[in-house]
Protein chains: 2
Amino acid sequence: MVNKLLEVFRNSSLDDYAKLINESIVKREILVLIGKCSVDYTGRGESRLTDGDRVLIIKSDGSVQIHRPEGYKPVNWQPQTSVIEARVVDNKLVLTAIRDKPREILNVVFNEIYLLIRGRLTDNGEFVMYLNESDIRDLIYVNPWLIEDGLHIIGKEKDLGVGAVDLIGVDNKGKAVLIEVKRITASREAALQLYKYVEKYAKLTGAQPRGILVAPSFTTQALDTLKRLNLEYRELDLKKLWLLKKRNMGGKCGLDQLL
Amino acid sequence: MVNKLLEVFRNSSLDDYAKLINESIVKREILVLIGKCSVDYTGRGESRLTDGDRVLIIKSDGSVQIHRPEGYKPVNWQPQTSVIEARVVDNKLVLTAIRDKPREILNVVFNEIYLLIRGRLTDNGEFVMYLNESDIRDLIYVNPWLIEDGLHIIGKEKDLGVGAVDLIGVDNKGKAVLIEVKRITASREAALQLYKYVEKYAKLTGAQPRGILVAPSFTTQALDTLKRLNLEYRELDLKKLWLLKKRNMGGKCGLDQLL
DNA sequence: CGTGCCAGGTGCCGT
DNA sequence: ACGGCACTTGGCACG
């Protein structure tokens, strides 16, 4: 087996490296380049990085990222590019990646190349993310009693013109209830966001709705703001419910058996 | 030259791969692993990724990232880890990366390994970022006339208890001026942020300050909100000034010669 | 297109 | 540690 057609090059000539890179880009292969380089970026911002050893990755969709030996994030990058080109200038390999909208230019000058890997990777794997905000929103949509007895949810992601409120419902007294959901600790901003919806809803309908902020926890500033703006909150850590569900029941029960 | 001690392995045994990986982690080398794997993550969220070809990178600081063949962002990651360990389970290479605070676990099962690269990279390069928000803030701090004639800036990043206002100054009539700076198009949120500071400042001092939002452009919603809240704005694209400066003067002049 | 908002956001800096 | 916020934020969804 030719190892998934992954090719490794070292000690090639600069011209060969340039050719290898440009070929890979055309063929939409993945490319990993390890070497000593300096990087200039100009676009929305502007940056300059002097010489050092880095790992440069070009993916099949034309995204580029340059990694230093430390740090989770790339030091320079380009999410999408319209043009990537490698060429030899002054006996150095220069790689230019240009992005349109916003117009941004990434220029990498390699003073040394230690290693070039290229090849086609096939990835048809399915990625599923759980416990994101929409997950929680949907859970409440189906189980409104988690918030309050007698609550009826009547709308999800309702656009009010100033953004969409997560959930709209009616309580057991017939009063409208706007719900904003946060999957992590809710800040003052979250309270203000909810207030924005409440204000707009009142203006649109002429009726004052209740506003409930739902989150696993709240900053003191958030609680303060909620009180000041006459808004309510419910502490609800869906993550904990999720773990409980997984641990105790093996997923074979309804959520209502948890409490 | 031994190519910066970068080592490449392919067709090794699973036990050898595990050993190579664990060695690299102890020696704090950089490690690039290309192969077919599935990934499970649990922590703040929870995700599952089925089999496919990916590039996994472990850096010397223990950060881990798993890249699919497309997309700028890693599909799974771990910014810092307290423990990374590779071992062979059921004739498969399993890599576990654990992070404390928040407690998160990343589990990668390799069904095939195409390539392993490891080695020590040295990067003492200097990284400088220009045109970020603090850059613009400092520029206005030194050149307050960019905002208004007769303006005196007297404070920078002043914490008002609800967050820090970018700049505080006094206009030529002796009235306090709060300035909020945005490096990109200012939204309604930016206007609200400024209003928050203006409100708090008035409460703290008993005097109503002016509020000016400075940005290269404004959304219509931002302009609407500014008007409603009796706030001012200045269109100021420092990026353009920067480009002009670079293009026309070669950096040999003061900013005031630009206008 | 812009506008709004979530993200396992991350990172920095402050109290 | 919590809190507030910028980021070349990136990414998606929707009018």
Side-chain angles (χ1 to χ4, degrees), chain A residues 39-47 63-66 71-80 99 101-106 127 129-137 157-166 180-190 193 196-197 217-222 224 239, chain B residues 39 41-47 63 65 71-80 99 101-106 129-137 157-166 180-190 193 196-197 217-222 224 239:
Chain A
V39 187
D40 283 304
Y41 153 76
T42 183
R44 287 167 296 180
E46 188 145 339
S47 75
S63 61
V64 180
Q65 46 196 302
I66 299 159
Y72 147 72
K73 285 190 154 187
V75 60
N76 281 109
W77 68 91
Q78 205 79 287
Q80 303 102 5
R99 173 190 189 181
K101 273 195 266 269
R103 175 80 173 177
E104 303 199 282
I105 300 172
L106 191 61
F127 180 73
M129 183 80 214
Y130 305 100
L131 284 169
N132 49 16
E133 204 247 16
S134 75
D135 248 27
I136 299 175
R137 191 198 309 136
E157 274 294 293
K158 277 289 175 190
D159 192 2
L160 298 179
V162 293
V165 63
D166 284 335
E180 175 67 25
V181 178
K182 291 294 164 199
R183 59 180 300 282
I184 51 172
T185 305
S187 68
R188 163 205 304 273
E189 289 306 309
Q193 197 179 336
K196 185 176 70 179
Y197 298 138
S217 59
F218 304 82
T219 68
T220 49
Q221 303 266 18
D224 186 61
K239 182 77 175 66
Chain B
V39 186
Y41 153 77
T42 182
R44 289 166 294 180
E46 190 146 337
S47 75
S63 62
Q65 45 197 303
Y72 147 74
K73 287 190 157 186
V75 60
N76 281 110
W77 68 92
Q78 205 78 287
Q80 302 100 5
R99 173 189 189 183
K101 273 196 262 278
R103 176 81 174 176
E104 304 198 282
I105 301 171
L106 191 62
M129 183 81 214
Y130 306 100
L131 283 170
N132 49 15
E133 204 246 13
S134 73
D135 240 30
I136 299 175
R137 192 197 309 137
E157 274 294 295
K158 278 289 175 190
D159 192 1
L160 298 179
V162 294
V165 63
D166 284 334
E180 175 67 25
V181 178
K182 291 291 164 201
R183 57 182 300 281
I184 52 172
T185 306
S187 68
R188 165 207 303 273
E189 290 306 309
Q193 199 179 335
K196 185 176 70 179
Y197 298 137
S217 59
F218 304 82
T219 68
T220 49
Q221 303 264 21
D224 186 61
K239 183 76 175 65

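Proteins come first, then strands; the chains are lettered A, B, ... in the order of their sequence lines, and each starts at number 1.
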Taking atom C1' of D:dG4 as reference, at what distance in whole Å does atom CG of B:D166 sit?
-> 12 Å
With the sugar-phosphate defined as primed atoms, P, OP1 and OP2, and the base as all remaining atoms, what B/S/- string results for nucleotides 7-15 of chain C, 5' to 3', for protein heavy atoms under 4.0 Å?
-> SBSSS----
Please check the phosphate of D:dC2 (OP1 and OP2 only) for any side-chain N or O of B:K101 closer than 4.0 Å.
-> no
Do any side-chain nitrogens or oxygens of B:K158 fall under 4.0 Å of OP1 or OP2 in D:dG4?
-> no
What is the nucleic acid contact for A:G43, judged by heavy atoms within less than 4.0 Å: base, sugar-phosphate only, or nothing?
-> nothing
C:dG8 and D:dC5, which share atom name P, separated by this distance in whole Å = 23 Å
CG of B:L106 to OG of B:S47, rounded to nearest 0.5 Å, is 7.5 Å
A:Y197 side chain near C:dC5 phosphate (N/O to OP1/OP2, under 4.0 Å) = yes
To the nearest angstrom, how far is A:E189 atom CD from D:dA6 atom P?
-> 10 Å
Find which nucleotide of DNA chain D each of A:E157 and B:E180 is nearest to by heavy atoms, and output the residue with the more 5' nucleotide.
-> B:E180
Ignoring backbone atoms, establish whether A:Q193 has a side-chain N or O less than 4.0 Å from OP1 or OP2 of C:dC6.
-> yes
Nearest-angstrom distance, P atom, D:dG4 to D:dT8 = 23 Å
Would you say A:R183's side chain and A:L131's backbone share a donor-acceptor pair under 3.5 angstrom?
-> yes
Please state whether the phosphate of D:dA6, meaning OP1 or OP2, lies under 4.0 angstrom from any side-chain nitrogen or oxygen of B:K182.
-> yes
Is there a side-chain contact between A:V75 and A:V39, using heavy atoms and a 4.5 Å cut-off?
-> no
A:K196 has an atom NZ; how far is it from atom C1' of C:dT3, in whole Å?
-> 10 Å
Given that A:R137 and B:T220 both sit by DNA chain C, which one's nearest nucleotide is further toward the 5' end?
-> B:T220
So, A:Y41 versus A:E104: side-chain donor-acceptor pair below 3.5 Å or not?
-> yes
Rounded to the nearest 0.5 Å, the CG atom of A:D224 sits from the CZ atom of A:R188 at a distance of 7.0 Å
Does A:K182 pair with A:E189 as a salt bridge, N-O distance under 4.0 Å?
-> no
Separation of D:dG3 atom C1' from A:D224 atom CG, nearest Å, is 14 Å
Is there side-chain contact between B:E133 and B:D166, with at least one heavy-atom pair below 4.5 Å?
-> yes
